Each structure stands twice: as C-alpha cells, then as structure tokens.
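Because the structure is predicted, anything quoted here is derived from the model rather than measured.
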Amino acid sequence: VLFMQNTQVAGGAKYFSSTRIAVIAVLSAIAAVLYILKFPISVIFPSWLELNFSDIPALIGTFALGPASGAIIVAVKIVLELLFTGTTTMFVGDFADLILGCAFVVPAGLIYKHNRTFKGALIGLIVGAVCSTALGILANWLILVPFYMQFFFGGSWEPLLSIMSAIFGEVTRETFYTFYLWCSVLPFNALRCIIAIIVVLPVYKHISRVINRLNARLTPKERTEEQTKKLSLRLIIIGVVLLAIIAAVILLNFFLKLY
C-alpha cells in the first residue's frame with residue numbers, strides 16, 4: 001500500500017502530514033532549481049521557448065502522493081522562481097507554465113490513482129502529455145502570442161516574424177501560426193513531456209517505496225510532544241537548507257550568464 005493511501009483525510013488522518021509536507025518541500029525545491037535552470041534550443045525553436053526538466057519531480061510527487069500534491073509542487077516551484085528571480089513576462093508566461101504543468105501531472109496522477117500499475121502509469125503519463133501539449137498550443141494561440149505582441153512589441157509582427165524566419169525561412173503574418181504552433185509549440189512540448197516520461201517511468205516505484213519507509217519512521221502510532229518538536233525543527237532545517245540551495249543555484253546561474 002503506497003503512502004497516499006495512508007494519508008487520506010477520511011478517518012481523521014490529516015492530509016498534510018509531516019511526511020507529506022517534507023516530501024512536497026523536497027520535490028518542490030528540486031523542481032524549482034530545474035525550472036530556474038531552463039534553457040533555449042534556439043537552433044530549432046524560438047528563443048522564448050525554454051526547455052526545463054521540472055516536470056520530473058512533480059510527476060514523481062503526483063504518483064507517490066496523489067494529483068493534488070503534484071499540482072502543489074508545480075505551483076510552489078513557480079512561486080519560488082518568482083520570489084528569487086522575478087518575472088519577465090508580467091506573470092503571463094508563469095501562469096501558462098502553471099496550467100501546462102498541472103495539465104501534465106493532474107491527469108497522470110488521477111489515472112494512476114485508479115490503476116496503480118506500470119500500465120496505469122504509462123497511460124496516465126501519455127494522457128497528461130497530450131493534455132499539456134494541446135493546452136500549450138491553445139494558450140500560445142489565444143493568449144501568449146497576442147499578449148507578447150501587444151505589450152512587448154507594440155502590436156508589431158516584425159520581431160516575431162524575424163525570429164521565426166531565421167529558423168524556418170520566409171515566414172509571413174499569414175503563415176506565422178502554422179509554423180509556430182505546429183512546427184515549434186507542438187514538437188517543443190512533446191519533447192518536454194517525452195523526456196519527463198522517459199525519466200519518471202523507471203524510477204517512480206522505487207521513490208514511492210522510499211517515501212513509504214520515510215513515512216513509517218516519521219509517523220509512529222504514538223508520538224510524544226518532544227518528538228513532535230524535534231520533527232518540526234528538522235522540517236524547518238530542511239526548508240532552510242533547500243532555500244539556500246536554490247539561492248546558490250540562482251547565483252551560479254547568474255554568474256555563468258555574466259561570463
């Protein structure tokens with residue numbers, strides 16, 4: 001029986017147990033670091049499409065803890081990134097990453113919750129990937145491109161067309177969405193999801209077992225007040241260490257860009 005089955009709200013058990021909070025914190029911190037270290041693949045995609053691997057810890061969380069926890073990890077990683085680096089897109093790009101991340105992890109977690117097998121995990125990941133990719137196409141078509149063009153380029157198509165033309169040859173206003181949505185957004189998001197699937201499938205079971213063992217150690221049947229205080233202190237220390245790691249990664253990334 002996996003950890004998520006032992007921490008349901010029913011029967012008086014708290015959903016946010018100490019173990020769940022600790023695991024969410026660790027996975028969120030890892031996801032935030034991976035999210036901050038995103039990078040463009042300008043040779044084949046427009047420079048504003050930046051690849052990152054932060055879906056991996058979120059998917060592990062959704063399989064081990066449930067879809068709600070997976071969505072929390074997605075949200076926390078974006079909040080941490082905003083706190084440490086701010087936004088360059090007036091929060092529109094960050095919101096898009098939030099809904100795309102949730103569209104990936106929540107369907108995957110829901111399907112796996114009702115079919116806790118390798119096949120269920122694979123189907124969940126594929127469905128999540130399709131949902132996230134489809135939502136990415138719609139978001140770019142209806143929200144992101146119109147927003148960026150209006151607020152960053154003063155309504156001019158020229159900057160977008162010049163970037164796309166450098167990759168695909170002559171791109172006009174009439175053909176922009178054909179090239180951008182189907183030759184950039186679709187393969188980019190498919191690549192992002194495929195990488196996450198390849199990494200998550202072989203390891204999620206092993207990590208779930210580790211979380212189960214951690215849960216057994218941290219949540220004994222009876223815990224004294226002194227034990228509770230010690231556990232709270234440990235969780236605070238873990239949180240401080242994780243924040244320090246994120247800060248160090250951000251500084252390293254900043255200096256690497258300078259030099």
Side-chain angles (χ1 to χ4, degrees), residues 24-42 44-63 67-110 124-125 127-152 160 163 180-181 184-200 242-243 246 249-250 253-254 257:
I24 288 175
V26 170
L27 292 176
S28 297
I30 295 171
V33 170
L34 294 174
Y35 186 55
I36 291 167
L37 296 177
K38 52 194 169 185
F39 56 93
I41 311 177
S42 302
I44 54 176
F45 299 119
S47 57
W48 60 82
L49 294 179
E50 296 182 309
L51 186 65
N52 70 84
F53 307 117
S54 62
D55 291 320
I56 294 170
L59 287 168
I60 291 172
T62 204
F63 284 157
S69 295
I72 291 172
I73 293 168
V74 172
V76 171
K77 77 170 184 186
I78 291 174
V79 171
L80 288 174
E81 194 257 355
L82 289 174
L83 289 174
F84 281 101
T85 65
T87 180
T88 58
T89 63
M90 295 179 65
F91 302 102
V92 174
D94 309 295
F95 178 72
D97 287 341
L98 173 65
I99 60 175
L100 293 187
C102 289
F104 195 4
V105 304
V106 172
L110 287 173
L125 288 169
V127 171
V130 171
C131 291
S132 184
T133 301
L135 194 58
I137 293 172
L138 290 174
N140 275 275
W141 177 34
L142 300 175
I143 301 173
L144 297 180
V145 170
F147 173 83
Y148 288 138
M149 187 174 63
Q150 186 64 41
F151 285 90
F152 289 96
L160 295 176
I163 294 173
Y180 180 60
L181 296 179
S184 293
V185 176
L186 174 60
F188 173 83
N189 282 282
L191 175 64
R192 171 180 64 87
C193 295
I194 288 171
I195 292 173
I197 292 172
I198 291 173
V199 174
V200 169
L242 291 174
L243 289 176
I246 294 173
V249 170
I250 293 170
N253 190 42
F254 174 75
K257 288 182 177 179

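- With sequence neighbours left out, the ring-ring contact (aromatic ring centres under 6.0 Å, His included) criterion links Y180 to W48, F176.
- At a threshold of 4.5 Å between non-hydrogen side-chain atoms, the residues I197 and F104 count as touching.
- Just one of L135, I143, L138 meets the side-chain contact (heavy atoms from CB on, under 4.5 Å) condition when paired with I99; it is L135.
- Atom CG in L49 sits 9.5 Å away from atom CD1 in I41 (nearest 0.5 Å).
- Contact between L98 and A75 at its shortest, heavy atoms only, is CD1-CA, 3.8 Å.
- To the nearest 0.5 angstrom, K77 atom NZ is 5.5 Å from N52 atom CG.
- In this structure A29 satisfies the side chain to side chain contact (heavy atoms under 4.5 Å, CB included) test together with L242, I246, sequence neighbours excluded.
- Screening residues 141-151 for side-chain hydrogen bond (donor to acceptor under 3.5 Å, both in side chains) gives no qualifying pairs among residues at least two apart or on separate chains.
- Residue pairs meeting the side-chain hydrogen bond (donor to acceptor under 3.5 Å, both in side chains) criterion with at least one member in residues 94-106, sequence neighbours excluded: Y35-D97, T87-D94.
- Rounding to the nearest 0.5 angstrom, the gap separating the CD1 atom in I56 from the CG atom in L27 is 12.0 Å.
- Sorted by first and then second residue, the salt bridge (charged side-chain N to carboxylate O under 4.0 Å, His left out) pairs involving residues 186-195 (not counting sequence neighbours) are D55-R192.
- For the pair P187/F45, a side-chain contact is recorded, criterion being any heavy-atom separation below 4.5 Å from C-beta on.
- Residues F63 and V200 meet the side-chain proximity criterion, which asks for heavy atoms closer than 4.5 Å.
- Using a 4.5 Å heavy-atom cutoff, the side chains of P40 and E50 are in contact.
- Of the inter-residue distances, the one linking L59 atom CG with C193 atom SG reads 8.5 Å to the nearest 0.5 angstrom.
- Between V105 and I73, every side-chain heavy-atom pair lies at or beyond the 4.5 Å cut-off.
- Summarising the geometry, atom CD1 belonging to I163 is positioned 5.0 Å from atom OG belonging to S47; distances are rounded to the nearest 0.5 Å.
- Contact annotation: the side chain of L186 approaches that of T133 to within less than 4.5 Å [non-hydrogen atoms, C-beta and beyond].
- Counting only heavy atoms from C-beta outward, the side chains of I137 and L181 approach each other to under 4.5 Å.
- Inter-residue side-chain proximity for L37 and F39 is flagged as unmet; no heavy-atom pair is nearer than 4.5 Å.
- Minimum heavy-atom separation, A58 to V74: CB-CG2, 3.8 Å.
- Within the model, atoms SG of C131 and CG of L100 stand 11.0 Å from one another, a figure rounded to the nearest 0.5 Å.
- Using a distance-only test at 3.5 Å, with no hydrogens or angles considered, no donor-acceptor pair links the side chain of S132 to the main chain of G128.
- When the ring-ring contact (aromatic ring centres under 6.0 Å, His included) test is applied to F151, the partners found at least two apart in sequence or on another chain are F147.
- Contact between S28 and L80 at its shortest, heavy atoms only, is O-CD1, 4.2 Å.
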